[in-house]
Amino acid sequence: MGQVNPSPKPAADPICDGFARHDLDATVAVYTEDVHYEEKTLRWDLHSRNEVRDQYGTWFAATSELAMSPLDGIHAADRAAFLWRITGTLHSGHRIDFPGTSLFTFTPDGQISHEIVMWNLAELPERAAADMGLRPAAPYSLFAAWAANERPRHGCRKVGG
């Protein structure tokens, strides 16, 4: 059995390098074939390396320049958290620049078997989001969908004392 990555950096390096080169193969090589990839901001729930490739392909197709820079990370056993910043230029000329977080679970040989990605859609300029097809039609639609479909049925519960 292989050894788990000692930090999230080895897993993040191929992703960051792949982004910089617009190289889908390099970007997704670190994922298992059956990876579970949850993109919370855009509500994507992906279940294979090919689906992750398609997701990254959307970003690559919309940009002439794209970079993911590591900001910080922490690792414990087979899990890691990776703070990053994405910057780039869309083909329309609009710039993108926003931070986010990825939570990883690794296989014993260091591939990513599960990733949860979180970032704030409000950080993406309105025009850039529209160019990429990422902005909901109505500004409140994400909240409205949550309120209509996903709110707790029994109210809130106080945690702690």
Side-chain angles (χ1 to χ4, degrees), residues 1-63 65-90 94-125 128-129 132 134-136 142-143 145-146 150-152 156-161:
M1 207 177 237
Q3 202 167 12
V4 173
N5 286 329
S7 76
K9 188 165 174 23
D13 282 348
I15 297 170
C16 293
D17 293 345
F19 264 57
R21 294 190 323 264
H22 270 75
D23 183 340
L24 280 173
D25 290 334
T27 304
V28 301
V30 72
Y31 294 99
T32 62
E33 285 293 333
D34 62 347
V35 64
H36 184 195
Y37 183 99
E38 299 177 72
E39 217 294 4
K40 296 297 188 179
T41 301
L42 300 173
R43 295 183 174 188
W44 291 339
D45 188 20
L46 311 176
H47 293 275
S48 73
R49 184 186 293 166
N50 286 335
E51 289 182 0
V52 173
R53 179 188 307 276
D54 291 345
Q55 185 268 346
Y56 282 138
T58 300
W59 288 88
F60 288 17
T63 57
E65 170 195 347
L66 187 64
M68 176 183 267
S69 305
L71 300 176
D72 202 357
I74 188 169
H75 181 266
D78 65 344
R79 301 190 187 256
F82 170 50
L83 306 175
W84 45 261
R85 176 171 294 284
I86 287 183
T87 57
T89 305
L90 299 176
H94 290 99
R95 294 281 304 152
I96 57 174
D97 183 348
F98 58 90
T101 302
S102 289
L103 305 174
F104 298 120
T105 302
F106 298 104
T107 63
D109 63 352
Q111 284 194 294
I112 299 169
S113 61
H114 188 195
E115 182 176 359
I116 300 171
V117 180
M118 296 165 282
W119 56 282
N120 184 354
L121 186 59
E123 297 273 347
L124 199 59
M132 295 181 74
L134 299 178
R135 181 72 66 199
L142 284 177
F143 174 76
W146 173 83
E150 299 178 7
R151 70 174 178 258
C156 296
R157 180 174 62 90
K158 185 176 178 181
V159 176

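- Trp44 and Glu51 are not linked by any side-chain donor-acceptor pair at a separation below 3.5 angstrom, with hydrogens and angles left out of the test.
- Using modelled atom types, no side-chain atom of Thr41 and backbone atom of Leu121 make a donor-acceptor pair closer than 3.5 Å.
- Side chains of Ser69 and Arg85: no donor on one and acceptor on the other come within 3.5 Å.
- Remark: the Asp34 side chain and the Thr32 side chain contain an N/O donor-acceptor pair separated by less than 3.5 Å.
- Between the side chains of His22 and Thr63, at least one donor-acceptor pair of N or O atoms lies under 3.5 Å.
- Looking at Ser102 and Trp84, their side chains do bring a donor and an acceptor atom within 3.5 Å of each other.
- Counting all heavy atoms, side chain and backbone alike, Cys16 lies closest to Phe82 at SG-CZ, 4.0 Å.
- Taking the six-membered ring for Trp and thresholds of 30 and 60 degrees, His36 and His47 have nearly parallel ring planes, at less than 30 degrees apart.
- A pairwise comparison of heavy atoms in Ala81 and Leu103 identifies CB-CD2, 3.7 Å as the closest pair.
- Using a 4.5 Å heavy-atom threshold, the side chains of Phe19 and Ile86 count as touching.
- The CD atom of Glu115 lies 10.5 Å from the OG1 atom of Thr101; values are rounded to the nearest 0.5 Å.
- Here NE2 of His94 is found 11.0 Å from OG1 of Thr89. Values are rounded to the nearest 0.5 Å.
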